[in-house]
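Right, one structure below, let's go through it.
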Amino acid sequence: MTVHSFTFSDQPLDLEQLRGSVEDRSCGGYVSFEGWVRDHNDGRQVARLEYEAFEALAVKEGQRIIEEAAYRFGVTQARCVHRIGLLELGQVAVWVGVSTPHRGEAFAACRYIIDEVKHRVPIWKKEYYVDGDSGWVNCERCASAALDSDSHAAHGHHHADHSQDPAVSALARHPQGLVAPDYSRQQILAEVGPLGQSRIRGARVLVIGAGGLGVPVLSYLAGAGVGTLGVMDGDSLDASNLHRQTLYAITDVGRPKALLAADRLRALNPEVDVRPYVEHAALANLAGIAAGYDVIVDCTDNFSAHFVINDVAVTLAKPAVLASVYQYEGQVQVIDTHSACLRCLWPEGARDGAVGNCAEAGVLGPVPGVLGSLQALEVLKVILGIDSPARGAVIIVDLRTLECRRIAARRAADCPAHCVPCAPSPEPETIELDLRLPVAGWTVVDVRESAEVAAAPLPGASLHLPLGRLLDDPAQLPEGGRYLCVCARGLRALTAAKALRQNGRVAASLAGGYRLDP
Amino acid sequence: MTSVRIQYYALLREQAGMSRETVQSKSTDAAGLYDELRERHGFTLARSQLRVAIDGEFADWSTALVDGAEVVFIPPVAGG
Ligand SMILES: [Zn+2]
């Protein structure tokens, strides 16, 4: 029996019992995490803590995180329990436990769950200090919830208190002080809204290259409130950079760009966790760093870096937004596991020196500015789940003529980057998911008969293809998709998934089927 | 003879001295067309350093030319 659960407890946690609940004979590894109540925070002596949650919302988001971890890392059992109520020093505030077939996934999934829970689940902490004072802290979602007046009211505490107490939050500690980031202009968009904003906040984006392309990417993503922003650049600022790299000042010349950018971005939005890496991207260092991010943005200016980034992104199955410029032109390409990568197009790679970079060929500042802005936009589309024509294609922009051209690109069967990850970790034949939550990464195929569908329609988007018609020709479902077959009990769905898999499709069936009263 | 519309980018545009042209080609495939144009404009890039797209889609060099096709030659671009 599979456990994928996020819950709250108002009682001290029984760790033995929790550990037992995720034991699994099919698993070779178990990793757990305990978050403890410690005796100090921000230089103040803490005596005890109180946790409060907006449970309806919090459980939903927590459950989503667990499902994401299960989906991403192939977790068999995963559970997270968070305390609410009054806690004494040394008590366990949050517990995460995961069991997986192999240890690597267990570590990664456990880390993912605790990080995401910290970021995304609306839980508030009140610290009682030794000196008798107290204050609410970690109200990370207050700003993003500001528009969402329902959930805001339900917080049950007063935000005015924050501005009175200099120690209480990252926002208040900021030297400019007291002004909270305001995402209202983007949040008004139907595609963003409070849910989209929380996705942006939960996103971890690694930007490689903090130059002409990287500067607009970093600025817009920090402004948008991307939760974690990695900045990787081994170069120091040169005076010749400034005509196109507008984040920097002439007095900054000579200093490492990753550190300069980090300073400016933190000043722009103190809510963003900015992580600078003063190093060039190479196979040796990039995979380890990129593993901790959800989206990779290639803003480098040379072929060897482009291909390293491409190969790492494909290998780690991370979506990546690539761009490059040449004088008045630029190219943008969004890659993910299902669409063409750089090596699908250029299997041999390309040599630096053959076609020129900015130093050799010259460039007007706004050209990388435009292309970098496009990249920032594509990153937000990836995070928000908005489809883009830059996926599976190269977009060529000619800024002299202001013409834009889309050239469709197919994944090459013999692509050297895709080959290895192409032999993917075999997907399980059946998976467990709650269809009432958004299903990420799958096209849901409803294989029930029309009458059944009419009687109990699936809650989310799905493709309706009764089993008989599916079996007539399983290859009618396009290659490259990931199909989650669903029926009432799971048997027809399993047959459908098997037929699809025999036809080279990635497919699984929903364990137990879909019922109205789960 | 096949009439095709050509679009050049980056280095090719510079070396051709134009963004686009319509040519009457005696070549039967994209490879032949590039060789023909390379001769005419003195392109330095070899075919193996380029990709060709026909009617909005990346194509093989062996793709046959048809009248009225729109052909784009794309060199890789690295700057940032
Ligand atoms: Zn590829």
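Below, all heavy atoms of this structure are taken into account, side chains as well, without hydrogens, waters or symmetry copies. Convention: sequence-line order gives letters A, B, ...; per-chain numbering from 1.
Few gaps surround CD on B:Gln24; more than 12 heavy atoms of other groups in view lie less than 6.0 Å from it. No more than 12 heavy-atom neighbours from other residues, nucleotides or ligands sit within 6.0 angstrom of CD1 on A:Ile250. Around CZ of A:Arg410, the count of heavy atoms belonging to other residues, nucleotides or ligands within 6.0 Å does not exceed 12.
A:Tyr326 contributes atom OH, which lies 7.5 Å from atom CZ of B:Arg13 (distance to the nearest 0.5 angstrom). Interatomic distance, A:Thr401 OG1 to B:Arg20 CZ, rounded to the nearest 0.5 Å: 6.5 Å.
The candidate with the highest count of non-hydrogen atom pairs below 4.5 Å against chain B, out of A:His306, A:Arg406, A:Arg405, is A:Arg405. Contacts with chain B were tallied for A:Ile396, A:Asp298, A:Leu371, A:Leu322; A:Ile396 has the most, counting heavy-atom pairs under 4.5 Å.
Only the backbone of B:Leu50 comes within less than 4.5 Å of a heavy atom of chain A; no side-chain atom from C-beta onward does.
Proximity to chain A at a heavy-atom threshold of 4.5 Å picks out B:Glu57, B:Phe58, B:Glu70 from residues 57-70 of chain B, in numerical order.
Across A:Trp346 and B:Pro75, no two heavy atoms sit closer than the pair CH2-C, 3.8 Å.
Donor-acceptor pairing under 3.5 Å is lacking for the side chains of A:Gln327 and B:Tyr9.
A:Ser324 contributes a side-chain N or O that, together with a main-chain N or O of B:Val77, makes up a donor-acceptor pair within less than 3.5 Å.
B:Arg51 is not listed as a side-chain neighbour of A:Ile407, based on a closest heavy-atom distance of 4.5 Å or more.
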